[in-house]
Amino acid sequence: MSSKAEIAEGSFDAHYDVIIVGSGAGGLAAAVTARKKGLEVLVLEKEPLYGGTTARSGGVLWVPCNALSRALGIEDSIEDARTYMKLEAGAFFDDEKVDAFLRNGPRAIDFFQRETDVQFVAVPTFPDYHPDSPGGKPGGRSILAAPFDGRALGDHIKQLRPPLKEITFVGMMFNSSLEVQHFFNVTRSARSALYVVKRLFQHACEMLIHHRPMRLTNGNALVARLAKTAFGLGVPLWVNASVRELVSNNGRVTGVVAHTDQGTQRIAARRGVVLACGGFPQDLARRKSLFPHAPTGQEHYSPAPPGNTGDGLRLAESVSAKLRLDIPHAAAWIPVSKVKHANGETGVFPHLIDRYKPGIIAVTQGGVRFVNEANSYHDFGQAMQRVCKGAAEAAAFLICDHRTIRRYGMGFAKPFPLPLSPHLRSGYLTRANTLIVLAKKMGIDGAALNRTVEQYNLGAVHGVDEAFGKGTTAYNRFLGDATHQPNPCVAPVSQAPFYALRVVMGDLGTFAGIETDGLARVLTASGKPIAGLFAVGNDNASVMGGSYPGGGITLGPALTFGFLAGEYLAQGEHT
């Protein structure tokens, strides 16, 4: 891969205006936009399933000043969002890209809602991750893809990448924290119990008839909506189509060489090629180089699809593109746990919800807490790397008592009435009647763990976390338990038996990537655009400069810059 080829015009096997390499939100947004504006578009997907990391994601987009939140009376401004992003990104703030994102994000959302099958719902109470910082907001900047009936895709549903198995319940997707709360409250509320019974019956019928869920939510719904529009517009999407080379002519990218089910294809792109390959979370060499906690590249566990191996970055390098690899955090960090499935496979569970709940704390192997557990996954991951610096692996342990795990579950282990025994047998969970014995089983300093829990409990009985302030921000409380007062994120760890599970470092996508301008054009080291080449999604170096200011900061820019790339390609000769 990654070499460039010179091919005579008559040697191409097929001709399109635009070729999109990858089928996540960024790539499909570019494809739909370009096609809606009259261009002939081809989407090439390396894997047998389309949707990329987006299909496994939460489907949340961070777009300040979006019309959905404005319609609810939520006030925001580009100036506030810019202030917040500048503080978050620090020395890696990119004026041009940030301004392009802030100006065009709302415009992109309006375009997709008006012109396509893509629809969103507001999440007015979803705060920025640092809502108390200058320019931060307690809600309104994150929106969510609306649920979608998968039957509308027809036979194309068969090749849609399913959601990450580990974060579903019997294969069922959840759409919001409110829906999750119904499942938490199934034994406590007749209304929740009725809701759960109806959802389970609907899901069972879908599985019986279609052999997969048809009520698509989150990132699966976003991909399905984009794909439905693309297919309706006649955009071909080839799976099992791996792009091995970029074709160039006089410094301009004019096509690709792809290995497909029909053999090697040389495909011309009259207007340009858009790289949307999903970054490099499964590229061992790049992980070794850029992830400090992974000295061999293998000390990291990503839930991203296996095909996200950095193809876009290598293709861009082959035509002298500049890569932005110096940002402080090369990926969106998240603690994950390794799940042993009954079939012998090992899955990756991203800890998105449990850490915020009252009665769950995180400790090091030394038995001490090191972070506000209800901070964002990216903040948690940074803290975990700092405290484990120099260790063989960045790892920590989530600890809770019996009351807490039966109320909320922990990791892949679900709350009552589902049994814990399979997770105890597999070794995913460890249980003991005392903290000292639990620590011994986990290789934790027992005396230190005992002291840590005793000290934590002194304040926790009053809903106070003296050490780290868990539950003191709007974001902390958003994913806590609002019914637990006075602090929805804090409760004692006191009721035996006690439980522990080990978490290690993972990611929700990579931030380092290809240097681009505000139109998603790929740049050389001198800052000059490479004619005919664009990068969007996680191939594009993060507009956030390696920071993570709010839920959806990957998908918001992905959709926006995909839209901008498609729009610019449609403008004609100067591309």
Side-chain angles (χ1 to χ4, degrees), residues 23-29 31-33 36 50-74 105-126 139-154 156-157 160-164 167-168 171-183 195 198-199 202-203 206 210 212-233 352 478 550-560 562-563:
S23 61
L28 290 177
V32 167
T33 305
K36 285 288 289 186
Y50 65 86
T53 303
T54 303
R56 291 184 165 186
S57 74
V60 177
L61 300 90
W62 195 77
V63 183
C65 304
N66 66 80
L68 289 94
S69 295
R70 189 169 61 247
L72 297 177
I74 296 174
R107 198 165 67 86
I109 297 302
D110 292 345
F111 169 82
F112 285 105
Q113 291 229 123
R114 183 182 66 249
E115 302 284 343
T116 77
D117 293 289
V118 180
Q119 297 295 303
F120 301 101
V121 293
V123 194
T125 59
F126 197 146
R141 288 175 173 166
S142 295
I143 59 176
L144 181 68
F148 185 71
D149 187 343
R151 291 173 296 184
L153 279 172
H156 292 297
I157 187 71
L160 172 64
R161 181 176 295 282
L164 188 68
I167 60 172
T168 66
M172 183 168 55
M173 294 172 261
F174 298 102
N175 187 48
S176 65
S177 58
L178 178 62
E179 190 169 44
V180 173
Q181 287 300 324
H182 280 305
F183 280 78
Y195 179 90
K198 286 182 177 178
R199 280 287 284 117
Q202 177 189 15
H203 178 68
E206 290 173 0
H210 302 286
R212 66 162 292 155
M214 286 293 150
R215 183 181 183 269
L216 309 182
T217 65
N218 305 333
N220 229 237
L222 179 57
V223 169
R225 287 180 173 279
L226 285 164
K228 171 67 164 54
T229 304
F231 294 138
L233 292 169
L352 293 159
F478 177 69
I553 62 91
T554 296
L555 289 180
L559 197 84
T560 300
F563 165 74

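Both backbone and side-chain heavy atoms feed into the values below; hydrogens, waters and symmetry mates do not. Each residue takes its place number in the sequence, starting with 1. Remember, predicted model here, so these are calculated numbers, not experimental data.
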Open item on the list: Test your reading of the model: is there a side-chain donor-acceptor pair from S69 to the backbone of R141, 3.5 Å cut-off?
Closed with: no
TODO: Apply side-chain hydrogen bond (donor to acceptor under 3.5 Å, both in side chains) to S23 and list each qualifying residue two or more places apart in sequence or on a separate chain.
DONE: E45
- [ ] Give, for atom CG of D117 and atom CG of L153, the distance between the pair rounded to the nearest 0.5 Å.
- [x] 9.0 Å
- [ ] State, to 0.1 Å, how close A25 and L559 come at their nearest heavy-atom pair, and which atoms those are.
- [x] O-CD1, 4.4 Å
Open item on the list: Give me the atom names and distance for the closest heavy-atom approach of A122 to L72.
Closed with: CB-CD1, 3.7 Å
- [ ] Please answer whether the main-chain N or O of T54 pairs with a side-chain N or O of S57 as donor and acceptor at a distance below 3.5 Å.
- [x] yes
TODO: Hey, could you give me the CD1/CG distance between I553 and L61, rounded to the nearest 0.5 Å?
DONE: 11.0 Å
Open item on the list: Do V60 and V123 make a side-chain contact, defined as non-hydrogen atoms from C-beta onward lying under 4.5 Å apart?
Closed with: no
Task: Non-neighbouring partners of F563 that pass ring pair (Phe, Tyr, Trp, His ring centres under 6.0 Å), sequence neighbours left out - done: F111
Open item on the list: Please report the interatomic distance CD(E115) to OG1(T229), rounded to the nearest 0.5 Å.
Closed with: 10.5 Å
Task: Side-chain donor or acceptor of K228 paired with backbone N/O of A152 under 3.5 Å - done: no
TODO: Using modelled atom types only, decide if a donor and an acceptor are shared between the side chain of R56 and the backbone of G219 within a distance under 3.5 Å.
DONE: no
Task: Qualifying residues under ring pair (Phe, Tyr, Trp, His ring centres under 6.0 Å), relative to F148, sequence neighbours excluded - done: none
Task: Least distance between heavy atoms, T33 atom then G562 atom - done: OG1-O, 4.5 Å
TODO: Taking the side chain as every heavy atom from C-beta outward, state whether M214 and I157 have any pair of such atoms under 4.5 Å apart.
DONE: yes
TODO: For A55, check side chain to side chain contact (heavy atoms under 4.5 Å, CB included) against everything at least two apart and list the hits.
DONE: R161, N220, V223
Task: Q119 side chain to Q113 backbone, donor-acceptor under 3.5 Å - done: yes
- [ ] Compare all side-chain heavy atoms of P124 with those of F126 and state whether any distance is below 4.5 angstrom.
- [x] no
Task: With R151 via salt bridge (Lys or Arg N to Asp or Glu O under 4.0 Å) - residues at least two apart - done: D149
- [ ] Could you tell me which non-hydrogen atom of G551 sits nearest to which non-hydrogen atom of S142, and how far apart they are?
- [x] O-OG, 2.7 Å
Task: Least distance between heavy atoms, A146 atom then V121 atom - done: CB-CG1, 4.1 Å
TODO: List in chain and number order the residues that pass side chain to side chain contact (heavy atoms under 4.5 Å, CB included) with V118, two or more places apart in sequence or in another chain; answer none if no residue qualifies.
DONE: F112, T116, F120, L222, R225, L226
Open item on the list: Working to the nearest 0.5 angstrom, can you tell me the gap between N66 CG and I143 CD1?
Closed with: 5.0 Å
TODO: Grab the two heavy atoms, one from G150 and one from L216, that are nearest each other, plus how far apart they are.
DONE: CA-CD1, 3.7 Å
